[in-house]
Amino acid sequence: MIEETNDLLAVRRQKLEMLHQLGIDPFGAAFEVSGSIGEVRAAFAEGQRVRIAGRLTAHRDMGKSHFCDLSDATGRLQIYLHPKEMGATAASIFKNTDLGDFLGVEGETFITKTGEPTIRVSELVFLSKAKRPLPDKWHGLSDVERRYRQRYLDLISNEHSRKLFEQRAKIIREIRNFLHQRGFVEVETPMMQPIAGGAAARPFKTHHNALGLDLYLRIAPELFLKRLLVGGCPKIFELNRNFRNEGISRRHNPEFTMLEVYWAYADYEKMAELVEEMICHLAIQIHGSLKFDHRNEEGHLLRTIHLDRPWRRARYCDLIEQVAPGWFSSTPVDRRRRCFELGVEISPEMTDFEVTQQIFEKCVEEKTMDPLFVTHLPKELVPLAKQNREDPSVVDVYELIINGAEISPGYSELNDPEVQRRRLEEQSGGEAHAIDEDFLLALEHGMPPAGGLGVGIDRLVMMLTGAQSIRDIIYFPLLRPREVEVSPSDV
RNA sequence: GGGUUGUUAGCUCAACGGUAGAGCAGCGGCCUUUUAAGCCGUUGGUUCUGGGUUCGAAUCCCAGACAACCCA
């Protein structure tokens with residue numbers, strides 16, 4: 001523990017002690033308000049009695065008159081304090097306030113001669129003491145590490161950050177609205193699973209004491225949602241957290257939010273239509289338009305995303321041929337030489353289809369900003385989807401790319417238990433205990449043909465808001481823990 | 001895992017190897033309509049940590065911690 005001794009903290013502690021001596025509880029009680037600060041401001045008219053509560057965020061001292069700002073997440077409103085208006089007791093309480101404290105006020109509204117909506121405070125109630133100072137009111141908090149570690153400070157001082165999280169909440173709410181309107185039912189399946197299936201990723205391990213059972217945090221809900229298809233639930237979705245014990249980057253957090261949707265008797269093409277409609281619905285709700293800009297925090301334009309329908313659809317092979325003509329008729333040696341010419345890094349142990357996939361990722365995916373459904377992918381890339389009837393070397397799936405990243409995959413789901421078993425065995429590399437026999441048992445009772453899709457919600461939010469890092473749209477991204485400083489009075 | 005960059009007052013940032021500073025916040029004044037209020041005065045530092053080089057290190061070197069970005 002690092003013990004912090006600091007004048008600023010000492011001053012605040014003294015003021016807190018003064019409040020005690022005045023008989024005031026510095027960590028007060030409930031306070032009835034007329035509405036949030038944003039609501040009161042929106043309904044502002046002169047001569048009304050209103051009550052608001054919020055943090056003290058600015059203090060303009062004019063001698064006997066004080067102009068302060070009270071703020072909450074919805075906005076800011078000026079209050080006017082004068083001993084003649086609020087009385088001596090309130091004035092002595094006010095003397096012991098600091099920026100950051102929570103206050104409740106009651107008073108009559110008026111507009112100052114500079115045109116600022118203001119409350120003339122007649123009653124002042126102390127609601128909570130901030131024992132520590134808040135970040136600079138003008139520059140905010142720019143230290144990215146502290147913005148992630150102490151998100152509350154980021155939210156207090158950076159409006160841009162607040163707005164991103166509001167947009168995230170709205171996107172998630174509108175996804176649920178959209179799917180409910182189309183008759184999909186939200187379900188919840190286990191996050192702790194005896195076998196972590198449904199994707200290829202390293203899981204987190206945990207243990208249940210009473211059952212003496214090792215469990216894994218799920219890497220995907222897929223295999224449980226398919227059990228529900230067997231159980232006769234025809235239109236279902238789950239929108240919740242997945243966990244993967246892998247690296248951290250601008251686009252990866254170990255826990256992330258995933259939407260999975262399953263629709264009995266549909267196929268990947270119907271799922272593509274569904275996801276296209278859904279994302280357009282979200283763009284309209286967020287931006288009021290299918291065209292919107294990505295800007296950095298200084299407001300500079302980074303790019304414009306166009307979601308106008310219909311979205312482009314293209315076969316995997318055709319996309320490769322466009323960036324590397326003659327690719328599929330050239331020899332493996334030629335292909336590796338082409339990679340070098342195109343500046344695509346490959347390693348010697350890569351198989352042919354992995355080399356092709358590198359070309360796809362670097363020359364197609366990363367350069368595709370507007371929506372593109374990639375179809376007819378080689379079956380090696382997607383072992384858990386149905387093979388195409390006309391061309392068994394490809395599978396019936398789409399990969400939706402927007403903003404240079406994969407946003408959503410959609411499959412015609414495999415429902416043949418024998419084929420499924422073979423695929424799972426190939427995937428597990430011969431480790432029998434890794435096969436989810438319970439899932440295969442369910443499939444043997446009959447799963448209807450179905451379409452399924454997944455949407456990485458964090459990447460979707462990044463695409464819709466223009467956030468440049470996943471850490472900007474997850475409240476508390478995983479960081480290595482740090483020593484926390486402790487106040488002397490708390491030790 | 002590798003490379004690059006960064007870490008200085010509560011916050012935002014300066015400081016050629018030569019006395020660690022500014023703005024805001026804080027504290028003390030002045031001002032009864034201010035808007036990043038203003039004016040006068042003033043407090044505040046383990047320069048991320050530990051070594052080293054040097055007469056002298058925030059600055060140069062080595063190791064470490066944490067973070068950001070790029071690569072794998």
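Just so we're on the same page: letters track the sequence lines, and every chain starts at 1. Side-chain atoms are counted along with the backbone in the values below, which use heavy atoms only and exclude waters and symmetry mates.
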Roughly how many Å apart are [M] and [N], using the [atom1] atom of each and rounding to a whole number?
N: rC40(B); M: rC13(B); atom1: C1'; value: 25 Å
N: rG50(B); M: rG10(B); atom1: C1'; value: 27 Å
N: rA14(B); M: rU47(B); atom1: C1'; value: 12 Å
N: rG26(B); M: rU49(B); atom1: C1'; value: 29 Å
N: rG45(B); M: rA15(B); atom1: C1'; value: 14 Å
N: rA20(B); M: rC24(B); atom1: P; value: 24 Å
N: rC62(B); M: rG3(B); atom1: P; value: 12 Å
N: rC39(B); M: rG21(B); atom1: C1'; value: 22 Å

Between F67(A) and Y80(A), is the ring centroid distance below 6.0 Å? yes
For the pair F243(A) and F204(A), name the ring-plane relationship: parallel under 30°, tilted 30 to 60°, perpendicular over 60°. perpendicular
Ring geometry between F165(A) and Y475(A) (parallel below 30°, tilted from 30 to 60°, perpendicular above 60°): parallel
Reckon [X] has a side-chain N or O less than 4.0 Å from the OP1 or OP2 of [N]?
X: S142(A); N: rC13(B); result: yes
X: R250(A); N: rA68(B); result: no
X: R146(A); N: rC66(B); result: no
X: R60(A); N: rA37(B); result: yes
X: R471(A); N: rC69(B); result: yes

As a test of reading the structure: which of [options] is closest to the side chain of [X], going by heavy atoms?
X: H139(A); options: rG23(B), rU35(B), rC70(B); result: rG23(B)
X: L99(A); options: rC11(B), rG26(B), rU34(B); result: rG26(B)
X: L479(A); options: rA68(B), rU32(B), rU34(B); result: rA68(B)
X: T118(A); options: rG10(B), rU34(B), rU32(B); result: rU34(B)
X: V11(A); options: rC11(B), rC31(B), rC27(B); result: rC27(B)
X: K64(A); options: rC66(B), rA68(B), rU32(B); result: rU32(B)
X: D136(A); options: rG10(B), rA37(B), rC66(B); result: rG10(B)
X: M62(A); options: rA68(B), rC31(B), rC70(B); result: rC31(B)
X: E345(A); options: rU33(B), rA36(B), rA72(B); result: rA72(B)

Between R251(A) and D458(A), does the salt bridge (Lys or Arg N to Asp or Glu O under 4.0 Å) criterion hold? Intermediate values first, please. CA-CA 8 Å; R251(A) 291 179 185 275; D458(A) 307 283; over 6 Å; no
Any non-hydrogen side-chain atom of L372(A) less than 4.5 Å from a side-chain atom of E365(A)? no
Under 4.0 Å, heavy atoms only, any strand: does [X] hit a base, just the sugar-phosphate, or nothing?
X: D69(A); answer: nothing
X: T114(A); answer: base
X: K137(A); answer: sugar-phosphate
X: R12(A); answer: nothing
X: R120(A); answer: base
X: G140(A); answer: sugar-phosphate

Between R120(A) and F110(A), is NZ or CZ placed under 6.0 angstrom from the six-membered ring centre and within 45° of the ring axis? yes
Less than 6.0 angstrom from the centroid, inside 45 degrees of the normal: does R244(A) satisfy that with respect to the ring of F256(A)? no
Without decimals, in angstroms, what is the distance between [X] [atom1] and [N] [atom2]?
X: D61(A); N: rA25(B); atom1: CG; atom2: P; answer: 11 Å
X: D472(A); N: rA67(B); atom1: CG; atom2: P; answer: 16 Å
X: R147(A); N: rC11(B); atom1: CZ; atom2: C1'; answer: 14 Å
X: M86(A); N: rU32(B); atom1: CE; atom2: P; answer: 15 Å
X: I156(A); N: rG10(B); atom1: CD1; atom2: C1'; answer: 14 Å
X: D143(A); N: rA68(B); atom1: CG; atom2: C1'; answer: 10 Å
X: L134(A); N: rA25(B); atom1: CG; atom2: C1'; answer: 10 Å
X: K113(A); N: rU32(B); atom1: NZ; atom2: P; answer: 12 Å

My understanding is that only residues two or more places apart in sequence, or in another chain, count here; which of them pass side chain to side chain donor-acceptor pair (under 3.5 Å) with H207(A)? D214(A)
Under 3.5 Å, is there a donor-acceptor pair linking the side chains of T74(A) and D72(A)? yes
Presence of donor-acceptor pair under 3.5 Å, side chain of Q78(A) and base of rU34(B): yes
Set of salt bridge (Lys or Arg N to Asp or Glu O under 4.0 Å) partners for R241(A), sequence neighbours left out: E255(A)
My validator wants the stems of RNA chain B: runs of 3 or more consecutive Watson-Crick or G-U pairs, both distances under 3.5 Å, written as range with range. B:1-7 with B:65-71, B:10-13 with B:21-24, B:26-30 with B:38-42, B:48-52 with B:60-64
Of S65(A) and P133(A), the one whose closest RNA chain B nucleotide lies more 5': P133(A)
Taking D370(A) as the fixed residue, which of K291(A), H306(A), R303(A) is the one that meets the side chain to side chain donor-acceptor pair (under 3.5 Å) rule? H306(A)
